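Down below is the structure, laid out as structure tokens.
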Amino acid sequence: MDPYEEFAPALRKQIRMEMAERDILQSELAAAAEIMPATLNRYLQGHRNFPIATLARIARQFGMSTSELMGRAEARLARQRNDAAQP
């Protein structure tokens, strides 16, 4: 499996979690990321991959770096792997 294909769902989930924690609407995040709301929806639904520049603007809206956002998604993926490995 392509590593991004495994990571992408965790990244999308992390972005949704960050939105929920900050009470940010999808339309607000799209405006901050300088993209159309429909485009953000396609990214969040997994129909398209996030360009790094868009991820950077999203992370900035959350008050974090791109690497921090991706690190949180990676930690989420690691927890999922660990949970799946538990008997």
Side-chain angles (χ1 to χ4, degrees):
M1 174 182 271
D2 177 7
Y4 185 81
E5 285 182 33
E6 188 177 17
F7 177 73
L11 179 60
R12 293 190 302 266
K13 175 85 172 179
Q14 189 63 43
I15 290 170
R16 285 189 199 97
M17 295 295 294
E18 300 295 340
M19 289 171 62
E21 287 176 11
R22 291 163 178 78
D23 207 22
I24 296 174
L25 298 174
Q26 208 168 303
S27 59
E28 295 169 332
L29 187 59
E34 301 172 11
I35 58 176
M36 298 297 295
T39 302
L40 178 60
N41 188 52
R42 283 191 288 275
Y43 294 147
L44 291 173
Q45 294 299 317
H47 300 295
R48 295 179 61 188
N49 294 329
F50 283 96
I52 194 68
T54 301
L55 275 178
R57 289 188 295 268
I58 288 171
R60 210 173 13 250
Q61 179 66 16
F62 296 149
M64 62 180 76
S65 67
T66 307
S67 60
E68 185 178 358
L69 176 60
M70 293 180 77
R72 288 183 182 192
E74 182 63 36
R76 174 179 298 286
L77 181 57
R79 284 191 306 272
Q80 290 171 347
R81 287 177 182 152
N82 188 38
D83 291 346
Q86 297 294 323

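Nothing here was measured: the structure is a model prediction, and the numbers come from that model.
- Considering CE of Met70 and CZ of Arg76, their distance stands at 14.5 Å, rounded to 0.5 Å.
- Between Lys13 and Met17 the shortest side-chain heavy-atom distance falls below 4.5 Å.
- Cluster annotation: Tyr43 is not connected to Leu25 through the hydrophobic network of ILVMFWY side chains, with a link wherever side-chain heavy atoms come within less than 4.5 Å.
- When all heavy atoms of Gln61 and Leu29 are compared, the closest pair comes out as CG-CD1, 3.8 Å.
- Here the shortest heavy-atom pairing between Ala73 and Ala10 reads O-CB, 3.5 Å.
- Between Met64 and Arg72, the closest side-chain pair of non-hydrogen atoms falls below 4.5 Å.
- Once rounded to the nearest 0.5 Å, the distance linking CZ of Arg16 with CE of Met19 reads 8.5 Å.
- Of the inter-residue distances, the one linking Asn82 atom CG with Leu77 atom CG reads 11.5 Å to the nearest 0.5 angstrom.
- Proximity of Leu55 to Ile15: side-chain heavy atoms (C-beta onward) are separated by under 4.5 Å at one or more points.
- Smallest separation of non-hydrogen atoms from Ala56 and Thr66: CA-OG1, 3.2 Å.
- To the nearest 0.5 angstrom, Arg12 atom CZ is 8.5 Å from Leu44 atom CG.
- With rounding to the nearest 0.5 angstrom, the CZ atom of Phe7 is 9.0 Å from the CD atom of Gln14.
- Here Glu6 pairs with Arg81 in a salt bridge; the nearest charged N to carboxylate O distance falls below 4.0 Å.
- With rounding to the nearest 0.5 angstrom, the CG atom of Asn49 is 11.5 Å from the OG1 atom of Thr54.
- Looking at Ile58 and Leu40, their side chains come closer than 4.5 Å, going by heavy atoms from C-beta outward.
- With hydrogens and angles disregarded, no donor-acceptor distance shorter than 3.5 Å links the side chain of Arg48 to the backbone of Thr39.
- Environment of CG in Asp23: sparse, with no more than 12 heavy atoms of neighbouring residues, nucleotides or ligands closer than 6.0 Å.
- Contact check for Phe62 versus Glu21: no side-chain heavy atoms found under the 4.5 Å cut-off.
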